[in-house]
Each structure stands twice: as C-alpha cells, then as structure tokens.
Amino acid sequence: MSDKLIQPRVLKGFRDYLPSTMLVRERLMDTARRVFRSYGFSPIDTPALEYAEVLTGKGGEESDKQLFRFQDQGGRDVAMRFDLTVPLARFAALHASQLGLPFKRYHLGTVWRGENTQKGRYREFMQCDFDTIGTLSPGADLETLLVIHDLLVALGFERFTIRVNNRMVLNGLLAAQGLSDKTVGVLRSIDKLAKIGVEKVIEELVERVGLTTPQAEKVLSIARPEATLDDLDAALVDSELGRTGVERLRTLFDTATAAGIPRERLALDVSIARGLDYYTGTIFETFLNDLPGIGSICSGGRYDNLADLFTKEKLPGVGASLGLDRLLAAMEELNLLGDASTPAQILIAYFDANRLGDYHALARTLREAGFGVEVYPEAVKLGKQLQYADRKGHRIALIAGSQEFEQAAWQVKNLKLKTAEVVPAANLAAYLATSLQ
RNA sequence: GUGGAUAUAGCUCAGCUGGUUAGAGCGCCAGAUUGUGGUUCUGGAUGUCGCCGGUUCGAAUCCGGUUAUCCACCCCA
C-alpha cells in the first residue's frame with residue numbers, strides 16, 4: 001500500500017451530513033414537498049450546471065462575483081447555478097409553449113455560491129423554491145404568503161414573523177422626489193435600520209447616498225418599523241406608484257387575515273430590500289422570533305420581468321424560497337434536532353443464536369405492516385444490543401428467547417419509557433401500532 | 001472580497017514567561033452482572049498538539065506561510 005495517505009477533507013463551506021442531521025433534513029424536504037403539492041405546485045428539476053451567460057446578468061454584480069464558474073472539457077463557459085429562480089426563468093422561456101399559464105412549480109435543489117462562510121451561510125446549500133408564473137394577480141401574492149406560513153407551521157414552528165414589503169412603495173417615494181437613481185444606496189442604508197438605528201441611517205443617507213436631511217427624514221418616516229399603512233399613504237400623496245404599492249399591501253394584509261393567517265405573524269417592513277434586483281413588487285422575508293440573527297429562512301417576492309433576458313413573452317412571477325440548510329443550522333442552535341440516528345423505530349434483538357430465521361421472519365411481517373424494523377446483526381449479549389438500540393434512537397426493542405418462543409409471545413421493551421411487557425405474537429402488530437403513535 | 005479571533009483526545013477545554021514520558025471532565029472500551037440499556041463501582045485505551053516551514057541544544061508554547069472554523073463588513077437562504 002501507499003504510505004502517503006490522502007487527507008480526508010472537504011472544501012470550505014461544503015459539508016458532510018451524518019445520519020442524525022440527514023434524517024431531519026429529509027424530513028424537512030418531505031414536509032416542504034407535501035405543503036407545495038397540497039397547493040397544487042408541481043415538481044420540476046433543472047441542471048446544476050448551466051451556460052454561464054444564462055446565469056450572469058440578471059442577479060446583479062454581487063451574484064456574478066459569487067458564481068462558481070469554469071470551462072468544461074469542451075471549452076464551454078459554464079457555471080454552477082446560484083439560485084433556482086434564474087434557472088426557472090430559462091426553463092419557462094424554453095418550455096413556455098408546453099406549460100400553460102399560470103404555471104405553478106416547486107423545485108428542491110442544491111445551489112452554490114462562492115461567498116465567505118459564516119454560521120448558516122455555506123457555499124453549497126439547498127433551496128426549496130415554489131413560484132407561480134404567468135399571472136399578475138394579487139391572488140398569487142396572497143397564495144405565496146399562505147404557502148410560506150403553512151410551510152413554517154408544518155415544519156413545526158409557531159414563533160416566526162413574515163415581514164412584508166412592496167418595492168413600489170419606496171420606488172414611488174424616491175421617484176416623486178427625483179431620487180430614482182439613488183434607490184440602491186437608499187435600500188442598502190435602510191436595510192441596516194434594525195442594526196444601527198434611525199440616526200445612523202439618516203447620517204448615512206445624507207453623507208454617503210447624497211440625500212438632503214428632509215429627504216432622508218421622509219424616507220425614514222415610511223421605513224421605520226412602527227410605520228402603518230396609513231402613514232405610508234400620507235407620505236405618498238404625490239406618488240401614484242407608491243400609493244399603488246400601499247394598496248397592494250393593504251389588499252395582501254386584509255386577504256391574508258380573511259384567509260386565517262394570525263396577524264401577529266405578519267409585519268409591514270418597508271426596510272426589507274432583498275439584494276436581488278429582480279424583485280419589482282411584493283417582497284417577503286421570514287425570521288424566527290427566537291433566532292432572528294441567523295437571517296431570513298424563507299424569502300421571496302414578485303418579479304414582473306424575470307424571463308425578459310430569454311424571451312419576448314411577458315412572464316411575471318411570484319414565489320419564495322426556503323433555505324433548508326440555514327433552517328437546519330437554526331434548529332441546531334435552538335436544540336430542535338432530535339438525536340435519533342436511525343429511521344427504524346423497532347430493533348429486534350438477536351438473542352438466541354439458533355433463531356436467526358425467526359427473528360427475520362418477524363421483522364419482515366412487521367415491515368409489511370408498515371413498521372421500520374432492524375434485526376441486530378450479531379448474537380452478542382443482550383445488554384450490548386439494548387445499549388446499541390438506545391444510542392441509535394430505536395423506540396422499541398423486541399426480545400424473545402426460549403421462554404417467549406414456548407408461549408408464542410414477544411417481550412416488548414419500550415426504551416424511552418423504560419417499560420417491558422410480554423405480548424402474544426398474534427397481537428403484536430396492533431400493540432406496536434398503539435405504542436408507537 | 002476586506003478586517004479580526006480561534007485551531008491541543010470523539011466532545012468541552014487546561015497547559016504560566018519555550019525545557020524530560022502533554023493533562024482534566026464528559027464520552028468510549030472491558031469487567032463487576034454468561035436472559036435485559038441510560039445509575040454505581042473497578043480497570044483500560046485514546047493525541048502526526050490543524051498542516052508546512054523557520055528560529056533554537058530543545059517548540060503545543062516564539063516567527064512566517066497555509067487550510068478550516070467563528071465574528072464583523074459586504075451580501076444573503
């Protein structure tokens with residue numbers, strides 16, 4: 001053998017997933033799929049690798065810088081997808097004629113960004129996107145909000161806030177004052193509101209963005225967190241665009257409430273900007289109340305011109321993206337991850353060395369009845385097998401030796417409750433079903 | 001991409017101004033207990049001190065580089 005070993009390692013920002021993490025990760029994915037499908041979204045998939053020109057140009061300079069980009073073996077200029085929205089635009093432009101509009105799809109996929117890492121920020125991570133394209137209706141905006149809400153609830157969260165904004169509001173305000181060219185700078189500054197406070201933001205708007213003090217104060221009058229829709233209307237008397245945005249927000253809040261979304265989970269927040277330049281209307285960001293610092297775990301919005309680069313056909317859309325791996329990091333931080341590392345709830349002990357066939361016969365019967373069952377592979381002493389079951393997170397251990405086989409019964413040990421009971425083989429499946437509920 | 005901090009056993013960390021065989025707690029393994037797990041007791045194993053190089057009689061300790069992680073900026077899921 002070679003005496004020089006290769007160091008086992010992974011790239012910065014890339015990670016291995018152990019069973020205890022992966023079990024949760026797959027459960028989150030299953031939940032997301034279930035919720036998306038329940039609203040009628042259909043699955044699609046697209047390649048991880050695209051022509052670089054497909055991915056550049058739409059997300060802005062920042063995303064171009066973060067692309068993993070290289071030449072393939074045929075000399076083509078290619079890049080790893082940076083998100084799932086731009087590939088959707090390409091996909092929709094390519095297949096528009098077969099899709100039928102409006103088109104609702106979901107897409108769970110890995111994306112890659114060459115940015116610096118931090119907790120909850122990786123270079124490879126999974127996004128769970130859902131979008132509705134081909135309609136300008138406020139109904140689609142509402143449905144997007146409902147999906148975000150129901151998704152979070154289905155994932156087991158209760159304390160979260162969906163912050164809602166509409167890009168027209170700020171754009172309208174700035175346009176009315178001839179400040180349209182300063183939009184990006186203004187957004188960047190007011191995005192820091194929660195971190196650095198009102199005064200610092202005004203300072204920055206004046207010194208770095210170049211607004212006058214009254215203009216900066218006007219911007220802050222609508223961007224501050226306590227602002228209400230009525231405040232917005234008052235500030236936007238001379239901007240039709242801005243008032244349209246406020247009207248959209250009002251409709252969204254009203255219909256969401258009518259549809260049964262608890263009002264305390266929604267917040268108006270004109271300061272959320274979203275970096276990606278393609279959003280044109282409604283914008284969503286979702287924060288966990290118990291861990292806001294990790295950032296938005298589900299973001300999205302309305303983009304009315306996404307496919308413009310690829311087709312002359314008008315393809316507006318609205319949707320959002322769940323950051324599965326960031327959510328996972330948040331759950332780890334909040335101690336919401338279980339420690340089970342097996343998907344099988346039942347372990348059958350290999351107790352009597354001559355009964356291997358009997359143990360596996362029972363395992364197969366129980367699997368047919370829908371249980372996850374593992375048979376311990378070696379006939380080692382019982383204590384060791386139980387310890388294994390305990391550590392792996394099996395909930396039930398089934399044990400049978402000569403005594404049990406004589407009475408056609410199984411000892412059922414509940415590892416969590418530390419109880420044991422002898423159950424006739426005929427009743428076993430029913431007994432397990434109730435105790436595993 | 002910019003600035004800063006950190007890197008010692010599976011985990012959390014100690015190791016003072018460089019000095020012989022690098023430590024603790026938890027965990028792990030074995031036994032007490034050859035039909036029963038998380039408690040207790042007894043015993044045991046564990047480390048290229050992130051990696052590469054330099055200074056030195058001598059480096060976990062000092063210096064340089066490198067890689068990774070964390071924090072801030074930027075940005076974002």
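Order of the sequence lines fixes the chain letters, A, B, ..., with proteins taken first and strands second; residue numbering starts at 1 for each chain.
Using atom P as the reference point in both B:C57 and B:C11, the two lie 37 Å apart (nearest Å). Using P as the reference atom, B:G44 and B:U6 are 37 Å apart when rounded to the nearest Å. Rounded to whole Å, the P atom of B:G23 lies 29 Å from the corresponding atom of B:U55. A distance of about 31 Å separates the C1' atoms of B:G58 and B:U12, rounded to the whole Å. Nucleotides B:A45 and B:C29 have their P atoms positioned 16 Å apart, rounded to a whole Å. Straight-line distance between the P atoms of B:G65 and B:U39: roughly 48 Å, to the nearest whole Å. Across the C1' atoms, B:A59 and B:C51 are found 16 Å apart, a figure rounded to whole Å. Spacing of C1' atoms, B:G18 relative to B:A60, comes out at 10 Å, to the nearest Å.
Between the P atom of B:G37 and the NE2 atom of A:H394 lies a distance of 17 Å, rounded to the nearest Å. Per the geometry, CZ belonging to A:F14 stands 15 Å off P belonging to B:U67, to the nearest Å. Across the protein-nucleic acid pair, A:L386 atom CG and B:U39 atom P stand 14 Å apart, rounded to whole Å. In this structure, A:E124 places its CD atom 17 Å from C1' of B:A68, rounding to the nearest Å. Across the protein-nucleic acid pair, A:D390 atom CG and B:U39 atom C1' stand 13 Å apart, rounded to whole Å. Computed from coordinates, the A:R391 CZ to B:U36 P distance equals 19 Å when rounded to whole Å. In this structure, A:F82 atom CZ and B:C76 atom P are separated by 8 Å, rounded to whole Å. Atom OH of A:Y376 and atom C1' of B:G37 are 12 Å apart (whole Å).
When both distances must be under 3.5 Å, the Watson-Crick or G-U wobble mate of B:U46 does not exist. The nucleotide B:G1 finds its pairing partner in B:C73, both defining distances of the Watson-Crick or G-U wobble pair being shorter than 3.5 Å. Both distances falling under 3.5 Å, in either a Watson-Crick or a G-U wobble arrangement, place B:C13 opposite B:G23. A 3.5 Å limit on both hydrogen-bonding distances identifies B:C41 as the Watson-Crick or G-U partner of B:G31. In this entry B:U36 has no Watson-Crick or G-U wobble partner, no candidate having both defining distances under 3.5 Å. With a 3.5 Å ceiling on both atom-pair distances, the Watson-Crick or G-U wobble partner of B:A7 is B:U67.
A search for salt bridge (Lys or Arg N to Asp or Glu O under 4.0 Å) contacts involving A:D129 returns A:R105, not counting sequence neighbours. Applying the ring-ring contact (aromatic ring centres under 6.0 Å, His included) rule to A:H360 yields no partners; only residues at least two apart in sequence or on another chain are considered.
Phosphate proximity of B:C75 to A:Q66: absent, as no side-chain N or O sits under 4.0 Å from OP1 or OP2. OP1 or OP2 of B:A30 has at least one side-chain nitrogen or oxygen of A:K384 nearer than 4.0 Å. Within the structure, every side-chain polar atom (N or O) of A:K119 is placed at least 4.0 Å from both OP1 and OP2 of B:U69. For B:U69, the OP1/OP2 oxygens have a side-chain nitrogen or oxygen of A:T117 closer than 4.0 Å.
Between the base of B:U36 and the side chain of A:K413 there is a donor-acceptor pair shorter than 3.5 Å. Looking at A:Q411, its side chain comes within 3.5 Å of the base of B:U36 through a donor and an acceptor atom. On a pure distance criterion of 3.5 Å, no polar donor-acceptor pair joins the side chain of A:R188 and the base of B:C74.
Listed nucleotides: B:C76, B:U36, B:C74. Nearest to the side chain of A:Q118: B:C74. Nearest to the side chain of A:K12, among B:U69, B:C73, B:U36, sits B:U69. Here B:G1 is the nucleotide among B:U69, B:G37, B:G1 with the atom lying nearest to any side-chain atom of A:N116.
Using a 4.0 Å heavy-atom criterion, one finds that A:E115 contacts the bases of the nucleic acid, with or without backbone contacts as well. Within 4.0 Å (heavy atoms only), A:F351 reaches at least one base atom of the nucleic acid. No contact: A:L327 has no heavy atom under 4.0 Å from any strand. Residue contacts shown for A:Q403 include a base, since a base heavy atom lies under 4.0 Å away.
Stacking of A:R355 on the aromatic ring of A:F405 is recorded, both the 6.0 Å distance cut-off and the 45° axial limit being met. Both cation-pi conditions hold for A:R113 and A:F82: the charged atom is under 6.0 angstrom from the six-membered ring centre and inside a 45 degree cone around its axis.
Between A:F160 and A:H149, the angle of the ring planes lies from 30° to 60°, which puts this pair in the tilted group.
In summary, the side chains of A:E374 and A:H394 do present a donor paired with an acceptor at a separation below 3.5 Å, with no hydrogens or angles considered.
Toward the 5' end of RNA chain B, the nearer of the two residues A:E404 and A:G13, judged by each one's closest nucleotide, is A:E404. Along RNA chain B, the nucleotide nearest A:S402 and the nucleotide nearest A:I294 are compared for position; the residue whose nucleotide lies closer to the 5' end is A:S402.
Not less than 6.0 angstrom separates the ring centroid of A:Y350 from the ring centroid of A:Y376.
Of the options A:K384, A:K392, A:Q385, a side-chain hydrogen bond (donor to acceptor under 3.5 Å, both in side chains) to A:Y388 is made by A:K392 and by none of the others.
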